Amino acid sequence: YHVVTGSDDAVLDGFTITGGTGNGGPMDANYGIHISNSNDIQLSFANCSIIRNMAPNSTPGILIQTSQDSFINFTNCEISENQGGYSSATIRIISGNVTFTDCEISNNEISEGTGGILIESGNVVIERTRIEHNTCVLAGAGGITSSGNLFITNSVIAENSTFAIDRAGGIESGRRRPAGPAGSGARSGPGRGTGRAAPCRPGPYLGRRPGWPTGSGPGCGPDGPSP
């Protein structure tokens with residue numbers, strides 16, 4: 001079952017979302033929060049705790065799959081102590097535009113996938129947010145894996161772990177490269193690492209929305225940063 005299924009123009013403020021167990025079919029195997037809509041929507045989560053959700057075979061915390069003109073915002077939220085299984089991440093962003101501001105994403109554990117955030121496409125902004133102590137046990141990245149556009153400002157990404165010898169402890173871009181020493185940077189090997197994102201370049205979201213980055217820039221996408 002899911003704890004929350006999103007709808008358009010909703011605001012969830014001050015709630016604890018916990019106890020979600022994804023043990024159903026392909027679209028019911030995930031999440032404390034599931035947001036899926038082909039239309040343009042805007043959703044906001046503020047002062048929420050998304051904790052101790054489980055998905056044995058998929059995404060335990062948040063799954064987002066929306067249109068390119070949808071905006072999902074998380075402000076002052078805690079996403080922690082969630083557990084997931086194979087081919088998953090604590091937060092999986094398939095598509096859409098997502099912001100995390102003043103959030104904490106910590107102490108999550110995934111068997112195989114990404115301990116923190118998996119960005120398959122879309123635009124993701126991380127501001128004044130801590131992403132730390134997340135773990136991928138068998139194979140995958142510890143902190144963030146991104147093939148989309150990623151913008152990070154004034155945030156901490158630290159002490160994330162992976163046991164895979166060719167995956168990143170901190171940030172892993174969509175373009176695979178040989179692993180560096182453990183904890184050396186965006187492409188750290190087994191163990192722990194921190195990472196950095198490359199600057200933005202002018203992009204299609206210029207002027208689209210107040211406060212939205214003025215570029216689609218490489219972030220940690222296929223042309224992302226070197227260690």
Side-chain angles (χ1 to χ4, degrees), residues 50 59-65 72 74 77-80 82 84 87-164 166-177 179-180 182-200 213 216-227:
I50 303 158
T59 303
I62 303 167
L63 187 142
I64 298 171
Q65 184 175 18
I72 313 299
F74 295 87
C77 290
E78 176 190 1
I79 300 104
S80 66
N82 300 286
S87 301
S88 67
T90 299
I91 302 168
R92 182 183 177 190
I93 299 168
I94 298 175
S95 57
N97 303 289
V98 184
T99 64
F100 296 94
T101 304
D102 297 316
C103 291
E104 177 182 337
I105 302 167
S106 64
N107 297 300
N108 301 288
E109 183 177 296
I110 298 295
S111 295
E112 181 178 353
T114 301
I117 305 174
L118 170 62
I119 305 163
E120 297 184 20
S121 67
N123 299 281
V124 176
V125 176
I126 298 172
E127 300 177 302
R128 301 187 304 274
T129 289
R130 302 185 69 88
I131 302 173
E132 55 190 358
H133 302 292
N134 300 291
T135 302
C136 181
V137 176
L138 297 177
I144 300 173
T145 301
S146 178
S147 296
N149 295 311
L150 176 62
F151 310 84
I152 302 174
T153 58
N154 301 316
S155 296
V156 174
I157 302 170
E159 300 294 331
N160 300 288
S161 303
T162 178
F163 291 91
D166 64 341
R167 303 300 295 269
I171 302 175
E172 180 171 290
S173 71
R175 184 175 66 184
R176 298 296 302 279
R177 285 175 287 195
S184 67
R187 281 294 312 176
S188 65
R192 298 168 177 167
T194 59
R196 61 184 183 275
C200 300
S216 62
C220 289
D223 298 319
S226 299

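Every heavy atom of this structure was used, including side-chain atoms; hydrogens, water molecules and symmetry mates were not. Please read these numbers as outputs of a predicted model, since none were measured by experiment.
With a 4.5 Å cut-off on side-chain heavy atoms, I126 and I157 do not count as touching. Using a 4.5 Å heavy-atom cutoff, the side chains of N154 and E127 are not in contact.
Note: I94 CD1 to L63 CG = 4.5 Å, rounded to the nearest 0.5 Å. Taking CG of N108 as the start and OG1 of T114 as the end, the distance is 12.0 Å to the nearest 0.5 Å. With rounding to the nearest 0.5 Å, the separation of CD in E104 from CD1 in I79 is 9.0 Å. In this structure, I131 CD1 and S106 OG are separated by 10.0 Å, a value rounded to the nearest 0.5 Å. For the atom pair CD (E78) and CZ (R130), the distance works out to 12.5 Å, reported to the nearest 0.5 Å. The CD1 atom of I117 sits 8.5 Å away from atom CD1 of I62, with the distance rounded to the nearest 0.5 Å.
Formation of a donor-acceptor pair under 3.5 Å by the N160 side chain with backbone atoms of N134 is found in this model. Judged by distance alone, with hydrogens and angles left aside, the side-chain atoms of T59 form no donor-acceptor pair with the main-chain N or O of T90 at under 3.5 Å.
For the side-chain contact (heavy atoms from CB on, under 4.5 Å) test with F74, the passing option among D102, V98, I91 is V98; the others fail.
Residues E109 and T135 bring no donor and acceptor atom of their side chains to less than 3.5 Å of each other.
Across every non-hydrogen atom of A89 and P60, the tightest pair is O-CD, 3.2 Å. For the residue pair C136 and A141, the shortest heavy atom distance occurs at CB-O, 3.3 Å. The heavy-atom pair separating T162 from G142 by the smallest distance is CB-N, 4.0 Å. Closest approach of T129 and F100 over heavy atoms only: OG1-O, 3.3 Å.
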